[in-house]
Student: 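Quick one: structure below, then a few questions.
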Amino acid sequence: MKKDISKKLFEQAVALIPGGVNSPVRACRSVETDPLFIDRADGAYIFDADGNRFIDYIGSWGPMILGHRPPAVLDAVADVLARGTSFGAPTDLEIELARLVCAAVPSMEVVRMVNSGTEATMSAIRLARGVTGRDLVVKFDGCYHGHADTLLVAAGSGVATLGIPGSPGVPEAVAAGTLSLPFNGIEAVQAVFKEKGDQIACVIVEPVAGNMGLVRPAQGFLETLRELTAAAGSLLIFDEVMTGFRVAFGGAQALFGITPDLTCLAKVIGGGLPVGAYGGKRAFMEQIAPQGPVYQAGTLSGNPLAMAAGIATLKELQKPGFYEALDETSAQLADGLVQTAAGAGIPVQVDRVGSMLGMYFTDQPVHDFEDAKTSDLDRFTTYYKGMLARGIYLAPSQFEAAFVSAAHSAADIEATVNAAAEVFETL
Ligand SMILES: *Cc1c(COP(=O)(O)O)cnc(C)c1O
């Protein structure tokens, strides 16, 4: 595999950009690799600056559920591009995306568009504190909700990959307002509500945890969160930035039949352009400026190019059989990995919800972040490097999910499983 051009570009980037990357998860440090610089992508494939082709399971960290360059999205963006890139004034595109989102996601009656998942969760937390007049926020270890101060406590994703508890620069007083509990820790949540229920503004949770690998909610966990928050007058926030339109058209809340008070979205709803959104019950959302006193704003929010990409993406997802086909491909990958690992005698935990997939190198079932950390990280690093060398582009961390797209063919999955079979032999 040629790496000369990526290597040269990385040297230039490091001189100008912290760590050479504009988001830490791209740096590949925990797997002792330098990042590849990408030239282009198409369908299930991504091509680096040296011309190497990879089957892509990062999918821009979640948005590319249709694969890269889906014609419907390219056409929609080109059409809007011809009319301008940003107006700072409302367009009909915002109404159309809002209508699609609210029709799809059970909890969302009203939605506000923002530019990223971080903005969505940060704003939802402010709203929850605003409407309840309370300060405490409950989250779960290993869940990642973007990089806002309140939420950078025992976080997943890059924070977990770097193995750090939080971040310097987050004031102690702010961090003290966030209680982080074990994911699936029903008893821990009950205890906290018993003691402090009347001070808790909200509980925020990834309904399927995808920022510590992949951990599904245990039977009764989300139900318990719904009951306790309702009884205490706290808001339940589902952070569906990753799961929204990914695990089902209506997100995890549609899949599990649980309706949160507020929902955060991003990734898939932007079709690869920068979009986030938060929404929920009308009574809460009407507290947001200019209708209400809770302030939140954005110069580029509802950007027409991003709205067009989102609308075109959601319309593709609405086509009959879309999720069934994606589920079948994803199952083929999960089953293939389970069988090959078993054949090679490598203990792994593979789990999947829709087209989100995780594999840990441990013989212990994984129900929370502590379990996830039992994974053999040296083994993961060897696996990551072996797969990359065989043309398979995985997230460079044990604590990230893999994403299958509609562009992945049965042959792509077979090639991936065959590569894994070779790599398992070397572990
Ligand atoms: C990616 C992610 C975020 C952060 O979104 P950004 O667009 O990177 O700010 C928040 N929550 C979850 C669950 C995510 O997966």
Side-chain angles (χ1 to χ4, degrees), residues 21-27 57-65 105 112-126 128 137 139-161 167 178 180 183 202-217 222 225 236-248 251-253 255 260 262-279 296 298 300-301 303 306 309-310 313 353-358 369 372 395-397 399-403:
V21 289
N22 280 311
S23 189
V25 294
R26 298 175 195 167
Y57 291 99
I58 297 183
S60 193
W61 302 87
M64 313 315 292
I65 192 167
V105 184
R112 168 61 66 78
M113 296 295 165
V114 292
N115 303 288
S116 69
T118 294
E119 267 189 73
T121 55
M122 181 182 85
S123 308
I125 297 281
R126 181 179 304 140
V137 171
K139 72 175 286 291
F140 298 95
D141 302 343
C143 283
Y144 179 69
H145 305 291
H147 64 85
D149 284 356
T150 303
L151 295 165
L152 267 191
V153 178
S157 188
V159 184
T161 305
S167 168
T178 303
S180 194
F183 190 76
C202 60
V203 172
I204 185 166
V205 66
E206 290 181 66
V208 177
N211 284 289
M212 51 171 146
L214 185 129
V215 185
R216 67 172 61 232
L222 298 175
L225 299 184
L236 177 61
I237 305 174
F238 271 14
D239 179 355
E240 299 228 40
V241 166
M242 187 182 288
T243 54
F245 296 93
R246 168 61 68 177
V247 297
Q253 58 196 268
L255 192 66
L262 298 176
T263 297
C264 302
L265 297 170
K267 297 189 173 134
V268 171
I269 60 156
L273 275 84
V275 181
Y278 67 107
Q296 180 270 311
L300 292 173
S301 294
N303 174 268
T313 299
V353 178
S355 52
M356 276 169 71
L357 198 137
F369 192 36
S397 166
F399 305 112
E400 302 284 357
F403 300 106

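Atoms within each ligand, like the ligands themselves, are counted from 1 in listed order.
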Student: If you measure only the distance, is there a donor-acceptor pair under 3.5 Å linking the side chains of Gln296 and Arg126?
Tutor: no

Student: If you measure from each non-hydrogen atom of Glu206 to ligand 1, which part falls under 4.0 Å: side chain, backbone, both or neither?
Tutor: side chain

Student: Could you give the distance from CG (Leu236) to CG (Leu225), rounded to the nearest 0.5 Å?
Tutor: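 Interatomic distance, Leu236 CG to Leu225 CG, rounded to 0.5 Å: 6.0 Å.
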
Student: Look only at the side chain of Thr121 and the backbone of His145, and say whether a donor-acceptor pair between them is shorter than 3.5 Å.
Tutor: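 Pair found, side chain donor or acceptor close to backbone of His145.
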
Student: For the atom pair CG (Asp239) and SG (Cys264), what is the distance rounded to the nearest 0.5 Å?
Tutor: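 If I round to the nearest 0.5 Å, the distance is 5.0 Å.
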
Student: Against ligand 1, does Glu240 come closer than 4.0 Å with any heavy atom?
Tutor: no

Student: Counting only heavy atoms closer than 4.0 Å, does ligand 1 sit against the backbone of Thr243, its side chain, both, or neither?
Tutor: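 Contact part for Thr243 vs ligand 1: neither.
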
Student: Please list, in number order, the atoms of ligand 1 under 4.0 Å from a heavy atom of Ser116.
Tutor: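 Result: 7 (O), 9 (O).
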
Student: Taking it one step at a time, do Tyr278 and Leu262 satisfy side-chain contact (heavy atoms from CB on, under 4.5 Å)?
Tutor: CA-CA 7 Å; Tyr278 67 107; Leu262 298 176; 5.7 Å; no

Student: Could you identify the single nearest non-hydrogen protein atom to atom 3 (C) of ligand 1 and state the distance to 0.1 Å?
Tutor: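 I find the closest protein heavy atom is Val241 CG1, 3.7 Å.
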
Student: Is there a donor-acceptor pair under 3.5 Å between the side chain of Gln253 and the backbone N or O of Phe238?
Tutor: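 Answer holds: no.
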
Student: Provide the number and element of each atom of ligand 1 under 4.0 Å from a heavy atom of Met242.
Tutor: 15 (O)

Student: So which protein heavy atom does atom 8 (O) of ligand 1 come closest to, and at what separation?
Tutor: Thr118 OG1, 4.5 Å

Student: Is there a nitrogen or oxygen of Tyr144 sitting under 3.5 Å from a nitrogen or oxygen of ligand 1?
Tutor: yes

Student: One residue to check: Ala266. Relative to ligand 1, which of side chain, backbone, both or neither has a non-hydrogen atom less than 4.0 Å away?
Tutor: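 Under 4.0 Å from ligand 1, Ala266 contributes no heavy atoms.
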
Student: Could you check atom 2 (C) of ligand 1 against the protein and tell me its nearest heavy-atom contact, residue, atom and distance included?
Tutor: Lys267 NZ, 2.6 Å

Student: Return yes if some donor-acceptor pair links the side-chain N/O of Lys139 with the main-chain N/O of Leu151 below 3.5 Å, else return no.
Tutor: no

Student: Got a donor-acceptor contact below 3.5 angstrom from the Glu206 side chain to the Tyr144 backbone?
Tutor: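 Confirmed, Glu206 side chain pairs with Tyr144 backbone.
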
Student: Which protein non-hydrogen atom lies closest to atom 6 (P) of ligand 1, naming both residue and atom, and how far is it?
Tutor: Gly117 N, 3.5 Å

Student: How far is atom 11 (N) of ligand 1 from its nearest protein heavy atom, and which residue and atom is that?
Tutor: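 Answer, as residue, atom name and distance: Asp239 OD2, 2.6 Å.
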
